[in-house]
Amino acid sequence: MKNTNKQSHRTCVRMSAKDYELLKKKSAAAGLSANAWLMAQLATNRPVLHREEETWEVIRFMDEAGREINAIARDFNSGYGTAEQLRRAVHLLGAVYERLYALRKKGYLHAA
């Protein structure tokens with residue numbers, strides 16, 4: 001038997017009872033199943049990320065730190081890494097975490 005369903009992926013969405021009631025209400029009002037209504041919303045309500053300058057600064061820092069960490073990793077993979085390089089990589093990872101954490105505390109929940 002040939003499967004004619006073009007949908008090949010499945011996901012699970014967890015929500016509160018209140019949110020589920022709202023989903024059922026909105027989908028029924030639109031004359032759609034809950035799944036069809038969610039898919040229609042996905043097609044029309046794509047999230048837009050607004051990145052402020054401070055977010056871009058953190059992204060630039062992450063890019064620079066990532067390049068340096070990758071260079072250190074290449075040295076270690078070649079057998080030439082040093083303890084000082086390893087300390088530097090750990091320091092950079094900590095700095096990236098601290099900057100992202102500070103940004104999230106300011107209210108940028110999707111800082112990355």
Inset, instruction - State, to 0.1 Å, how close Ile69 and Ala89 come at their nearest heavy-atom pair, and which atoms those are. - result: CD1-O, 4.1 Å
Inset, instruction - State the CZ-CZ distance between Arg60 and Arg99, to the nearest 0.5 angstrom. - result: 10.5 Å
Legend entry - Side chains of Phe76 and Thr82 in contact at under 4.5 Å (non-hydrogen atoms): no
Legend entry - Glu68 (side chain) donor-acceptor with Ala65 (main chain) under 3.5 angstrom: no
Inset, instruction - Kindly give the heavy-atom pair with the smallest separation between Lys24 and Ser27, and that separation in Å. - result: O-OG, 3.1 Å
Inset, instruction - Taking all heavy atoms of Ile72 and all of Gln85, pick out the closest pair and write down the distance. - result: CD1-O, 3.4 Å
Legend entry - Asn35 CG to Thr11 OG1 distance, which is reported to the nearest 0.5 Å: 10.5 Å
Inset, instruction - Can you measure from SG (Cys12) to CZ (Arg10) and round to the nearest 0.5 angstrom? - result: 9.0 Å
Inset, instruction - List the atom of Ala30, the atom of Trp37, and the distance in Å for their closest heavy-atom pair. - result: CB-CD1, 3.8 Å
Legend entry - CD-CZ distance between Glu98 and Phe61, expressed to the nearest 0.5 angstrom: 10.5 Å
Legend entry - Nearest-0.5 Å distance, CD of residue Glu57 to CG of residue Leu103: 9.5 Å
Legend entry - Common cluster, Met15/Leu32, ILVMFWY with side-chain heavy-atom separation under 4.5 Å: yes
Legend entry - Passing option when Val96 is tested against Leu100, Leu93, Leu92 for side chain to side chain contact (heavy atoms under 4.5 Å, CB included): Leu100
Inset, instruction - Measure the spacing between NE2 of His91 and CD of Glu84 and express it to the nearest 0.5 Å. - result: 10.5 Å
Legend entry - In one Ile/Leu/Val/Met/Phe/Trp/Tyr side-chain cluster, 4.5 Å: Val13, Leu23: yes
